[in-house]
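A short worksheet on the structure shown next.
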Amino acid sequence: MCGIVGWIAFRHDLQKERPVLDAMTATMVCRGPDAGGTWVSPRAALGHRRLSVIDLEGGVQPMTVDTPDGPVVLTYSGEAYNFRELRDELRRRGHEFRTSSDTEVVLRGYLEWGEEVADRLLGMFALGIWDGRTERLVLLRDQLGIKPLYVYETEDGVLFGSEAKALLAHPAVEAVVDQDGFREMMGFVKEPGVAVWQGMREVRPGTMLIVDRSGVRERIYWRLEVEEHRDDTEKTVRRVRELLEDSVGRQLVADVPLCLLLSGGLDSSALTALAGRKLAEEGGRVRTFTVDFEQPDAFRADELRGSPDAPFAHAVVDHVGTLHSDIRLDHRALADPEVRRTVIAARDLPFGFGEGDNSLYLLFKAIREHSTVALSGESADETFGGYSWFHHPATQRTPAFPWVAPLVPTRLYRQELTQGVLDLPGYLAQRWSDAVAQVPSLPGEDAQERRMRVFSHVHVTSALGTLLDRKDRMSMAVGLEVRVPICDHRLVQYVFNAPWSMKTFDGREKSLLRAAVRDLLPASVADRPKGHYPLTQELSYVEALQRQVGELLSDDHRAVEFFERGALDRAVRETPEAVERDERDAFERVLDLAVWMDLYRPTIKLS
């Protein structure tokens with residue numbers, strides 16, 4: 001995995017601007033700690049930071065092919081999991097390869113197929129190709145938006161990069177967040193294509209941008225499509241298994257140490273079992289890591305988790321025969337202001353998952369000491385219907401994003417801000433209407449089937465992006481590549497069209513996934529109810545939050561202005577045992593916001 005940046009200018013000589021390109025590229029060092037490079041011409045300047053995963057010696061970037069009509073140059077982040085098949089096809093078409101990297105396959109694929117190379121790529125990627133033959137830039141993002149790609153249009157071209165901070169390093173880009181940007185930050189609904197920073201946007205998942213002297217045009221090359229599902233349940237289960245096996249097998253390819261994140265839940269356990277079987281066929285063993293905070297006997301069930309992860313994870317370890325390590329995080333490290341500062345710098349934004357982001361960063365930091373690549377189970381809940389609210393009839397009928405209310409501590413925000421200036425409820429209602437309008441329909445669908453198709457589509461397009469972005473930022477902050485096999489767009493497309501009755505045929509959540517892998521798992525794991533990502537239950541962590549928020553209140557930090565000061569002050573003075581969940585979440589939000597303001601010094605325009 002890598003970090004990419006670029007600057008295209010049609011009325012400006014970029015050969016004089018190498019220091020600016022170097023500054024933009026330097027912001028991506030964490031994403032690519034192994035190597036860096038730049039390529040500059042009068043019209044185009046491309047930068048790259050590399051995390052070496054495949055062909056450690058040969059995949060240097062930006063990568064160039066000189067043609068009689070001009071150079072074609074690629075800066076690329078990600079993995080094309082079908083690069084071997086594409087390379088074989090390109091060789092049959094006369095192409096010769098100097099490296100064994102997937103980067104060269106993508107570049108030569110563009111030389112062979114032009115824009116249509118997008119339709120052939122299977123994987124996670126964000127890339128920019130400067131075609132010196134026609135003086136145009138092609139920007140491309142993978143089908144589900146696993147890898148980020150930001151764009152900022154200038155007077156005579158564009159800037160692009162893997163993260164907003166790369167664009168903010170350019171002198172033409174100001175750190176401004178307007179009303180819509182602030183709403184986007186607060187809402188936990190990631191609208192495809194929207195970036196928080198004024199003037200900036202993301203390339204939408206499954207989309208290509210073509211930039212030339214005439215401007216910028218957009219081409220959607222992939223989206224979730226509706227089609228009649230003709231397979232019965234038995235055949236559907238077999239097909240899900242086939243797609244999972246293929247996706248996992250492809251994503252085990254690496255020239256560096258690889259592992260799996262194992263929680264003991266259905267998703268991660270399924271991937272571990274599939275990977276273990278595949279590697280065993282090749283004479284290898286899979287390595288796994290599990291995160292937790294307390295010893296299992298100190299665990300207390302709550303509304304988020306009914307059981308500790310470790311016993312279930314260990315059952316999978318014994319069943320599959322993995323090389324396993326438990327990573328137990330210290331609540332004192334979670335509360336360390338420097339950890340929070342690093343996390344916010346990686347995110348470029350506040351209002352994330354607070355402690356969940358901090359612990360994910362610390363987990364990845366520990367894993368990076370042993371592995372460079374990890375596999376994770378993102379999108380299983382969105383694709384297969386795993387969240388509890390998928391199965392609540394009242395929630396199904398409510399025209400709202402069901403995950404927002406539990407995540408946003410509205411009681412502690414200033415009401416004149418959220419209800420007045422920002423009108424967050426109205427904004428989210430409009431966003432829901434816009435998202436529903438994008439959902440394709442199948443002729444003859446009954447009301448319930450349509451309702452659940454909307455639910456599934458909205459989760460894949462408006463919820464999954466938040467989790468993918470979180471996973472990308474926290475892993476890239478330590479130079480760890482995280483692959484997400486269940487995000488294979490072929491699998492997501494196939495399951496999207498399966499009827500809801502089939503997705504719940506055993507009366508539970510994620511029926512198709514459970515049936516597809518049950519034979520590989522201990523019964524206790526296959527039948528385990530869904531649990532949430534672990535959070536510490538140490539009251540001293542709450543005490544640390546109270547102390548740090550109290551300091552912000554004493555210093556009258558600007559971040560406090562966005563919250564009900566009296567409510568925050570009362571919550572800070574409560575005993576840790578009495579702090580409610582939304583109060584704890586508000587502590588996380590105000591601390592994140594304060595760090596973000598100190599780091600980025602943003603101009604906030606709310607009127």
We want to know whether [X] and [Y] form a side-chain donor-acceptor pair, criterion being a heavy-atom distance below 3.5 angstrom.
{"X": "Tyr81", "Y": "Asp488", "value": "no"}
{"X": "Thr38", "Y": "Arg18", "value": "yes"}
{"X": "Ser214", "Y": "Asp212", "value": "yes"}

Taking C-beta and beyond as the side chain, do [X] and [Y] meet within less than 4.5 Å on heavy atoms?
{"X": "Val492", "Y": "Gln143", "result": "no"}
{"X": "Val240", "Y": "Phe384", "result": "yes"}
{"X": "Asp13", "Y": "Pro42", "result": "yes"}
{"X": "Thr27", "Y": "Glu163", "result": "no"}
{"X": "Leu121", "Y": "Asp142", "result": "no"}

Go through it in stages, so that I can follow the logic: the residues are Glu449 and Arg453, the test is salt bridge (Lys or Arg N to Asp or Glu O under 4.0 Å), and I'd like the CA-CA distance, side-chain angles, deciding distance and then a yes or no.
CA-CA 6 Å; Glu449 194 62 40; Arg453 184 180 296 280; 5.3 Å; no
Glu184: which of Arg201, Lys190, Arg431 passes salt bridge (Lys or Arg N to Asp or Glu O under 4.0 Å):
Arg431
Tell me whether [X] contacts the main-chain N or O of [Y] through its side chain, where contact means a donor paired with an acceptor under 3.5 Å.
{"X": "Arg108", "Y": "Glu96", "value": "yes"}
{"X": "Ser247", "Y": "Leu243", "value": "no"}
{"X": "Arg141", "Y": "Lys147", "value": "yes"}
{"X": "Glu104", "Y": "Thr99", "value": "yes"}
{"X": "Ser371", "Y": "Ile367", "value": "no"}
{"X": "Glu79", "Y": "Gln251", "value": "no"}
{"X": "Arg136", "Y": "Asp131", "value": "no"}
{"X": "Lys510", "Y": "Ala380", "value": "no"}
{"X": "Ser268", "Y": "Ser263", "value": "yes"}
{"X": "Asp231", "Y": "Lys235", "value": "no"}

In Å and rounded to the nearest 0.5 Å, what is the CZ to CG distance from Arg368 to Leu480?
6.5 Å
Looking at CG of Leu127 and CE of Met208, how far apart are the two atoms once the value is rounded to the nearest 0.5 Å?
8.5 Å
Determine the interplanar angle of the Phe353 and Phe188 rings, folded into 0 to 90°, and report it as parallel if under 30°, tilted if 30 to 60°, perpendicular if over 60°.
perpendicular
Tell me if the centroids of the rings in Phe289 and His370 come within less than 6.0 Å of each other.
yes
Measure from the ring center of Phe401 to the ring center of His459 and say whether it is less than 6.0 Å.
no
Answer yes or no on whether Arg43 is positioned over the face of Phe10, meaning its NZ or CZ is under 6.0 Å from the six-membered ring centre and within 45° of the axis.
no
Take Arg31 and Asp472 through the test salt bridge (Lys or Arg N to Asp or Glu O under 4.0 Å) and record every step on the way to the result.
CA-CA 9 Å; Arg31 297 185 75 91; Asp472 174 85; 3.0 Å; yes
Does atom NZ (Lys471) have a neighbourhood of more than 12 heavy atoms from anything else shown, all under 6.0 Å?
yes
Sidechain N-carboxylate O distance under 4.0 Å for Arg473, Asp469:
yes
